[in-house]
Amino acid sequence: MTHSLDSGIWSTSPLYKNASADLELAANLMGLDKNVLERLRKPKRAMAVSIPVRMDDGSVKVFEGYRVQHNTTLGPGKGGIRFHPEVNISEVSALAMLMSFKCSLVGLPLGGAKGGIRVDPRQLSRAEHQALMRRYTMEIITMIGPEKDIPAPDVGTDGQHMAWMMDTYSMGKGYSVPGVVTGKPLDIGGSLGRPESTGRGVVYVIEHAIEMLNRQKKASIQLNASTATVQGFGKVGAVAAEELHQRGCKVIAVSDFYGGLHNPKGIDIPALVRYVDQNRSVVGFPGAEAISGEDLLGVACDIFVPAAIDGVVTMDNVHKIKTKIISEGANGPITSDAQKVLEEKGVTIIPDVLANAGGVIVSYFEWVQGLQMFFWSEDEVNEKLGQVMARAFNRVAEASERYKCGLKTAALITSVERINRAMLLRGLFP
Ligand code: NAD
């Protein structure tokens, strides 16, 4: 059973082609009903909007924005909002597709969605950020809501953007609606543990993978005697680096958009976090040697955490990677063909839909807490996060044995199995 990858406007980005190819591989292996596959290859609904913003200099700039819902069979759409100069409808659609699989995989009653604005966030003042976010919210307001589609932060956005979005939505309703977004600041209904949840989850699954590899006698790895490299030092990468450091793992190289650092003896991560808070980049940090972002890929280590953007490991640079375990903090950091090369070399890849699911899991907890107006302690949040991630990891490991495939394909099969059951139960309308 083979299908053409051409799905019209959705399929123009490399990320979409990659996600679609991964889906097709999983679908073939599990023998998925081709009618279900046809629906999963395309988003359910998408909106493209023009967002006029009065800039600080008095001029009006019009930005392009999108919101895409990929599949809402399991529940309301869930997915972040990205501010990035490369955003386009195909990339947002691919990210929405990944969200459907992620929510399904970890057992949440949520579907997949994503949004984005084509803008370089570093070029905007705070006032311009606010105007852009509020007007974007109004333009897509018919698509979002606590029962319909619940945005969250993504690359280039943070809790402040969610606060503006929640406030704009609430103004229209005439009362506060905390459940319309997650990733909010604590004072307006955010959840304890949400900012750290994705990075924490990235490390929880590394622990499970090590335990699995040691048990299967495929490796003998101790996290507290291992080395790691982390690409991207933002909301995900910095927390993953801290969590690894806390467990005694030596983080020997990190990078961000501006450059990288290398210290074979291990970087002092808490000091680096304080440095980045003040300097907005890892570049210039004393106590490590400067390297380029590309050089980071060639640093030999036990664990590699790509936590920046998609498509960073390709056929052009995959030969540089010397590691045992990759935990995909970012969405789609490894192209399908590069993934094959790595798996053939025996590298264990913990796929994005599993590795970075901690964020959406605690987003779900935040949404539930907001709906009930009853808030949990950080220990409760972390404990429940650990339980959900452990269950998801075990399901994926079990599918990997059953289908004799890598964790990435196994994760997709596990996700698609659940969506497939739900789609068949609900049937096709009308
Ligand atoms: P962020 O904007 O906070 O951080 C991104 C980091 O990557 C920054 O340090 C930036 O300088 C760096 N970066 C950008 N381009 C780079 C490049 N070419 N090389 C090296 N570094 C580069 O974003 P984030 O929230 O940490 O998200 C990172 C990735 O994780 C994205 O793929 C995002 O979709 C994914 N993700 C995030 C969350 C979350 O909760 N934040 C959840 C799931 C997935």
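Order of listing sets the numbers, starting from 1, for every ligand and every atom in it. Worth knowing before you read on, the calculation uses all heavy atoms, side chains too, and leaves out hydrogens, waters and symmetry mates. What you see is a predicted model; the values in this text were computed from it and never measured.
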Which protein heavy atom lies closest to [atom], and at what distance to 0.1 Å?
atom	value
atom 21 (N) of ligand 1	Asp256 C, 3.1 Å
atom 26 (O) of ligand 1	Val236 N, 2.9 Å
atom 30 (O) of ligand 1	Gly329 O, 3.4 Å
atom 11 (O) of ligand 1	Phe257 N, 3.0 Å
atom 32 (O) of ligand 1	Asn331 N, 3.1 Å
atom 18 (N) of ligand 1	Ile309 CD1, 3.8 Å
atom 25 (O) of ligand 1	Lys235 CE, 3.2 Å
atom 29 (C) of ligand 1	Ala308 O, 3.2 Å

Which atom pair, heavy atoms only, marks the closest approach of Ile252 to His262?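 Taking every non-hydrogen atom into account, O-CD2, 3.1 Å.
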Of all the atoms in ligand 1, which lie at a distance below 4.0 Å from a heavy atom belonging to [X]?
X	result
Gly234	3 (O), 4 (O), 6 (C), 8 (C), 9 (O), 26 (O)
Phe233	6 (C), 9 (O)
Gly156	2 (O)
Ala330	29 (C), 30 (O), 32 (O), 35 (C)
Ala307	28 (C)
Thr198	38 (C), 39 (C), 40 (O), 42 (C), 43 (C)
Asp154	33 (C), 34 (O)
Val155	2 (O), 23 (O), 27 (O), 31 (C), 33 (C)

[X] atom [atom1], neighbour heavy-atom count above 12 within 6.0 Å:
X	atom1	result
Arg45	CZ	no
Lys384	NZ	yes
Asp277	CG	yes
Lys61	NZ	no
Lys340	NZ	no

Q) Salt-bridged, Lys320 to Glu294, with N to O below 4.0 Å? A)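 Judged by the 4.0 Å cut-off on N to carboxylate O distance, Lys320 and Glu294 do form a salt bridge.
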Exercise. Do Glu207 and Arg247 meet the salt-bridge criterion of a basic N to acidic O distance under 4.0 Å?
Worked result: yes
Practice problem: Please verify whether a non-hydrogen atom of Gly293 lies at under 4.0 Å from ligand 1. | Solution: no
At under 4.0 Å between heavy atoms, what of Arg194 touches ligand 1? The answer is side chain
task: Establish, from distance only, whether the side-chain atoms of Thr73 and Asn71 form a donor-acceptor pair under 3.5 Å.
output: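 Their side chains do contain a donor-acceptor pair, which is all the 3.5 Å distance test asks for.
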Open item on the list: Please report whether ligand 1 has a polar contact with Tyr258, defined as an N or O pair separated by less than 3.5 Å (distance criterion only).
Closed with: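 The answer is no, given that Tyr258 and ligand 1 share no N or O pair closer than 3.5 Å.
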Interatomic spacing from CD in Glu344 to CD in Gln339 - rounded to 0.5 Å: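 Between atom CD of Glu344 and atom CD of Gln339 there are 10.5 Å.
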Separation between CE (Met99) and CG (Asp352), nearest 0.5 Å, reads 10.5 Å
Please determine whether side-chain contact (heavy atoms from CB on, under 4.5 Å) holds for the pair Val347 and Ile321, giving the CA-CA distance in whole Å, both sets of side-chain angles, and the decisive distance to 0.1 Å.
CA-CA 10 Å; Val347 178; Ile321 308 248; 5.8 Å; no
